[in-house]
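Heads up, the thing below is written out as structure tokens.
All values reported here derive from a predicted model rather than from experimental measurement. Start at 1 with the first residue, then count along the sequence.
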Amino acid sequence: TQPTNPAFLSPVLLFTQQIALAGKMLPADSFAIPALHRQVKAFYFASGAPGATGAAHGQPAGAASVLFAVDDDDGRLVPGGIGFAPAGESVDLGGLRLRATLGTYPALAISAVPLTPALLLGCALLVAGLAWSFWPTPRMVTQRTPGPVA
């Protein structure tokens, strides 16, 4: 449900995938720009571009950056469609202007534990139910009384 306007986009990339690149496992994500028939893959480098000092972009050495790879609809790399964008700076790649604003989102892990007395009561009822179902019941013996013989 992405807009078809060519001036599109502010995707939020969560970098949930891990991709092996340059001998490292890197967080990766992707998004599409349907109006321009482009697919953009993004790879997060926490310590900046490999071999880059960062001074050319006014970034401190080792600042975080994103490697962008721009593909067409058929999955082929667009000419001039691969490059690094230091955090907070724009880069023109494959006819797109891309800027990575890096940040973090807090993660909240929630778990629930039942109240201890309720848990113990539930376990006791489970054991009682199992015992009840396997408890031998006395069989009723029915005697047949012989009827009149004809």
Side-chain angles (χ1 to χ4, degrees), residues 1-140:
T1 63
Q2 297 177 349
T4 56
N5 184 342
F8 171 67
L9 188 67
S10 282
V12 174
L13 304 178
L14 299 177
F15 294 104
T16 56
Q17 302 171 5
Q18 293 285 321
I19 305 276
L21 186 67
K24 293 181 178 180
M25 291 301 289
L26 297 174
D29 210 337
S30 64
F31 61 96
I33 305 173
L36 297 177
H37 306 286
R38 299 288 189 254
Q39 305 285 329
V40 180
K41 296 175 191 150
F43 304 92
Y44 174 66
F45 284 82
S47 60
T53 62
H57 297 286
Q59 294 285 325
S65 63
V66 176
L67 171 67
F68 288 112
V70 181
D71 296 338
D72 62 12
D73 279 341
D74 295 325
R76 293 182 306 250
L77 185 64
V78 173
I82 191 164
F84 279 93
E89 290 194 25
S90 295
V91 63
D92 293 325
L93 299 171
L96 302 175
R97 177 168 291 179
L98 302 168
R99 177 164 61 194
T101 304
L102 300 173
T104 58
Y105 287 93
L108 178 62
I110 298 174
S111 65
V113 178
L115 189 63
T116 304
L119 179 66
L120 294 175
L121 177 63
C123 289
L125 288 174
L126 176 69
V127 169
L130 288 172
W132 179 268
S133 67
F134 290 109
W135 194 267
T137 57
R139 293 187 176 177
M140 293 183 57

* To do: Report yes if some heavy atom in the side chain of Q17 is under 4.5 Å from a heavy atom in the side chain of P27; otherwise report no.
  => no
* Quick one: are F45 and L26 in side-chain contact, heavy atoms under 4.5 Å? -> yes
* Asked: Taking side chain as C-beta onward, heavy atoms only, is Q39 less than 4.5 Å from D72?
  -> no
* Structure fact -> Taking every heavy atom of S65 against every heavy atom of F84, the minimum-distance pair comes out as OG-CD2, 3.6 Å
* Could you pull out the closest heavy-atom pair between G88 and R99, with the gap in Å? => O-CD, 3.2 Å
* Straight-line distance of I33 CD1 to L96 CG, nearest 0.5 Å -> 4.5 Å
* Just by distance, do the side chain of D74 and the backbone of R76 share a donor-acceptor pair under 3.5 Å? -> no
* Looking at OG of S30 and CZ of F68, how far apart are the two atoms once the value is rounded to the nearest 0.5 Å? -> 11.5 Å
* Asked: Which pair of non-hydrogen atoms, one from A85 and one from V91, has the smallest distance, and what is that distance?
  -> CB-CG1, 3.5 Å
* To do: Taking all heavy atoms of V78 and all of G94, pick out the closest pair and write down the distance.
  => CG1-CA, 3.8 Å
* To do: Supply the atom-to-atom distance D71 CG to H37 NE2, rounded to the nearest 0.5 angstrom.
  => 14.5 Å
* How far does CG of L121 sit from OG1 of T116, to the nearest 0.5 angstrom? -> 12.5 Å
* Asked: Should L98 and V70 be marked as a side chain to side chain contact (heavy atoms under 4.5 Å, CB included) after you check the CA-CA gap, both sets of side-chain angles, and the distance that decides it?
  -> CA-CA 10 Å; L98 302 168; V70 181; 4.2 Å; yes
* Asked: Okay, side chain of D29, backbone of L14: is any donor-acceptor separation there less than 3.5 Å?
  -> yes
